[in-house]
Amino acid sequence: QVQLVESGGGVAQPGGSLRLSCTASGTIFSFNSMGWYRQPPGKQRELVAAITRDGNTDYADSVKGRFTISTGSMKNMVYLQTNSLKPEDTAVYYCNANQFGVDYWGKGTLVTVSS
């Protein structure tokens, strides 16, 4: 089993920044990919950004140029640097990791962008 724990959420003003972190623990061999999803109030969960084992990244069009995904040196951590935040970025952000075709999820961290 793999456990994922997110941190770094909170309240930010429009134009502000937050850095989200996710730490994986448990039975870890090698993740195929790690990523961040979000679920805005009343909407479905959507992909924000993902990074593969080879370092390839993918971003939702709505966050390109503003958010950056990265992993730690030990490959059991994934970060999401969020800049130039907008009110529409308000959501619960979930960490995801895929290992041997199995998806694991954290419980989420709330990001609220409001003046």
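Model, not experiment: these values are computed from the prediction.
A pairwise comparison of heavy atoms in R38 and S62 identifies NH2-OG, 3.3 Å as the closest pair. Of all non-hydrogen atoms in V92 and G108, the two that sit nearest each other are CG1-CA, 3.8 Å. The two residues L18 and G10 make their nearest non-hydrogen contact at CD1-O, 3.9 Å.
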- request: Kindly determine whether Q39 and Q44 satisfy side chain to side chain contact (heavy atoms under 4.5 Å, CB included), including the steps that lead there.
  value: CA-CA 6 Å; Q39 187 165 13; Q44 292 186 334; 5.5 Å; no
message: Is there a side chain to side chain contact (heavy atoms under 4.5 Å, CB included) between C95 and V78? Walk through the geometry before answering.
response: CA-CA 8 Å; C95 178; V78 62; 3.7 Å; yes
task: Evaluate the criterion side chain to side chain contact (heavy atoms under 4.5 Å, CB included) for residue pair S25 and Q1; output intermediate values, then yes/no.
output: CA-CA 9 Å; S25 61; Q1 284 291 334; over 6 Å; no
field: Derivation and outcome, side chain to side chain contact (heavy atoms under 4.5 Å, CB included), residues N56 and I51
entry: CA-CA 5 Å; N56 296 315; I51 185 166; over 6 Å; no
task: Show your working on side-chain hydrogen bond (donor to acceptor under 3.5 Å, both in side chains) between R53 and S30 and close with a plain yes or no.
output: CA-CA 8 Å; R53 182 167 49 202; S30 178; 3.2 Å; yes
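The backbone N or O of S115 sits nowhere less than 3.5 Å from a side-chain atom of Q13 that would complete a donor-acceptor pair. Side-chain N or O atoms of T90 include none that pairs as donor or acceptor with a backbone N or O of T112 at under 3.5 Å.
One finds the CG atom of L20 at 6.5 Å from the OG1 atom of T109 (value rounded to the nearest 0.5 Å). Expressed to the nearest 0.5 Å, how far OH of Y79 lies from CE of M34 amounts to 10.0 Å. Atom CG of N96 is separated from atom CG of L4 by 7.5 Å, given to the nearest 0.5 angstrom.
Contact check on K107 versus E6 returns no salt bridge, with no Lys/Arg side-chain nitrogen under 4.0 Å from an Asp/Glu carboxylate oxygen.
Applying the side-chain contact (heavy atoms from CB on, under 4.5 Å) rule to S33 yields the partners N98; only residues at least two apart in sequence or on another chain are considered. Among residues two or more places apart in sequence or in another chain, the ring-ring contact (aromatic ring centres under 6.0 Å, His included) test is passed with F67 by none. Contacts of N83 classified as side chain to side chain donor-acceptor pair (under 3.5 Å), with partners at least two apart in sequence or in another chain: S17, Q81. Scanning for side chain to side chain donor-acceptor pair (under 3.5 Å) contacts around D61 gives K64, with sequence neighbours left out. Every salt bridge (Lys or Arg N to Asp or Glu O under 4.0 Å) that R66 has, sequence neighbours left out, goes to D89.
Side chains of V2 and Q99 form a contact here, defined as non-hydrogen atoms less than 4.5 Å apart. Taking the side chain as every heavy atom from C-beta outward, T68 and L80 never approach each other to under 4.5 Å.
More than 12 heavy-atom neighbours from other residues, nucleotides or ligands sit within 6.0 angstrom of CD on E88.
Linking ILVMFWY side-chain heavy atoms closer than 4.5 Å, directly or via other members, places V48 and L85 in a single hydrophobic cluster.
For residues 4-59, the set of pairs meeting the ring pair (Phe, Tyr, Trp, His ring centres under 6.0 Å) definition, not counting sequence neighbours, comprises F29-F100, Y37-W105.
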